[in-house]
Amino acid sequence: MLGERIGAPQIASGDLLRVAVRDQTPLGVQAKGFMDKGALVPDELVLKLIDARLDQPDAKSGYILDGFPRNVSQAEALGAMLKNRGEKISQVVAIDVPVEELVKRISGRRTCRNCNEMYHVAFDPPARPGVCNKCGGELYQREDDKEETVRNRLKVYNESTKPLLDYYGKAGILSTIEGVGRPEEILHRILDAIGHSTGARV
Ligand code: AMP
């Protein structure tokens, strides 16, 4: 929704990794075991994917990075990468959601194997169970969306990713928004946080 609204591509490290795993590229083969456990994939693999993605023509006038950076060393590498490209981060948005709500959202998530569209078994079910509304593809539960793995991902978040709040807070470019509410409400909070005013009061 955000990408459509501001006309920028969403570049999600997790999506790039899942494509590499699906296509069984050498990088994907190395990444798979880490992903299935809910651990972080080694930085050099992720950085390679992001660097190549930023070279694509649609990333020439801005983009949304999603799920990257995931730790301080990735953030430092990103800073260097952007400096080389004559670019900089305009805003970092942290979306704050209580842990139990996150577990409910992620463990109920179903993803289309074909087009990556996401659903939730209770909050946003497809019209026909197991079938994507958009393309008719098969819906599946990501291995790392099973509850036990989600809890491990949250532990990894606390250990490795949370320090980024301090890192980008000190840089003066962090906004934290409340991530509970309807998707449209949260979208408007993000638009406000990135200075993309809509005039809407939600
Ligand atoms: P996501 O789709 O962002 O939830 O990521 C799914 C999984 O991909 C994570 O649990 C990690 O195993 C891996 N992953 C995604 N982004 C990164 C990243 N920036 N650094 C390391 N591992 C990542």
Side-chain angles (χ1 to χ4, degrees), residues 1-3 8-56 59 63-82 89 92-99 101-121 123-124 139-168 174 179 183 186 190:
M1 286 163 78
L2 177 63
Q10 173 191 12
I11 298 181
S13 45
D15 288 347
L16 297 174
L17 285 163
R18 278 183 290 280
V19 169
V21 170
R22 184 198 65 198
D23 295 348
Q24 298 186 338
T25 67
L27 191 152
V29 170
Q30 286 184 69
K32 185 175 187 315
F34 295 96
M35 295 173 75
D36 285 347
K37 282 188 294 204
L40 291 185
V41 170
D43 292 346
E44 68 270 19
L45 301 183
V46 179
L47 289 165
K48 220 185 257 181
L49 281 176
I50 293 283
D51 202 30
R53 180 65 184 85
L54 297 186
D55 284 338
Q56 299 296 308
Y63 42 82
I64 303 162
L65 287 175
D66 171 8
F68 175 86
R70 268 310 216 271
N71 58 31
V72 170
S73 80
Q74 289 183 11
E76 285 168 348
L78 173 65
M81 210 188 278
L82 295 182
I89 300 174
V92 176
V93 183
I95 304 173
D96 199 16
V97 180
V99 167
E101 170 77 12
L102 279 177
V103 173
K104 259 193 258 166
R105 286 187 191 177
I106 302 176
S107 59
R109 173 162 67 181
R110 297 294 179 272
T111 307
C112 176
R113 267 194 208 285
N114 182 46
C115 74
N116 273 333
E117 184 73 3
M118 281 183 282
Y119 299 86
H120 189 281
V121 287
F123 308 145
D124 182 22
L139 303 185
Y140 78 110
Q141 182 178 35
R142 277 168 44 179
E143 193 55 44
D144 62 343
D145 281 351
K146 308 228 158 109
E147 181 167 339
E148 200 184 300
T149 317
V150 170
R151 293 203 184 269
N152 191 44
R153 287 164 64 191
L154 290 166
K155 195 167 150 256
V156 170
Y157 171 83
N158 281 322
E159 286 163 6
S160 302
T161 309
K162 212 172 179 184
L164 290 178
L165 297 178
D166 202 40
Y167 182 87
Y168 285 121
L174 175 74
I186 297 165
I190 298 172

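Start at 1 and go down the list; that is how both ligands and their atoms are numbered.
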Asks: List for me each residue that meets side chain to side chain donor-acceptor pair (under 3.5 Å) alongside Asp55, sequence neighbours excluded, and say none if there are none.
Replies: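 Partners of Asp55 by the side chain to side chain donor-acceptor pair (under 3.5 Å) criterion, ordered by chain and then number, come out as Arg85.
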Asks: Relative to Phe34, does Lys32 satisfy both conditions: NZ or CZ under 6.0 angstrom from the six-membered ring centre, and within 45 degrees of the ring's axis?
Replies: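 Cation-pi check for Lys32 and Phe34: fails.
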Asks: So, Lys48 and Glu44, do they make that salt bridge, N to O below 4.0 Å?
Replies: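 Salt bridge between Lys48 and Glu44, a charged N being under 4.0 Å from a carboxylate O: no.
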Asks: Which residues pass the side chain to side chain donor-acceptor pair (under 3.5 Å) test with Arg53, sequence neighbours left out?
Replies: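 Applying side chain to side chain donor-acceptor pair (under 3.5 Å) to Arg53 gives Asp58.
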Asks: Using a threshold of 4.0 angstrom between heavy atoms of the protein and any atom of ligand 1, which residues qualify?
Replies: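 Within 4.0 Å of ligand 1, the protein residues are Ser13, Gly14, Leu17, Arg18, Met35, Ala39, Leu40, Val41, Val46, Gly67, Phe68, Arg70, Gln74, Arg142, Asp144, Arg153.
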Asks: Side chain to side chain donor-acceptor pair (under 3.5 Å) with Glu117: which residues, sequence neighbours excluded?
Replies: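 Residues passing side chain to side chain donor-acceptor pair (under 3.5 Å) with Glu117: Lys134.
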Asks: Salt bridge check: are Asp124 and Arg110 linked by an N-O gap of less than 4.0 Å?
Replies: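 Salt bridge absent between Asp124 and Arg110.
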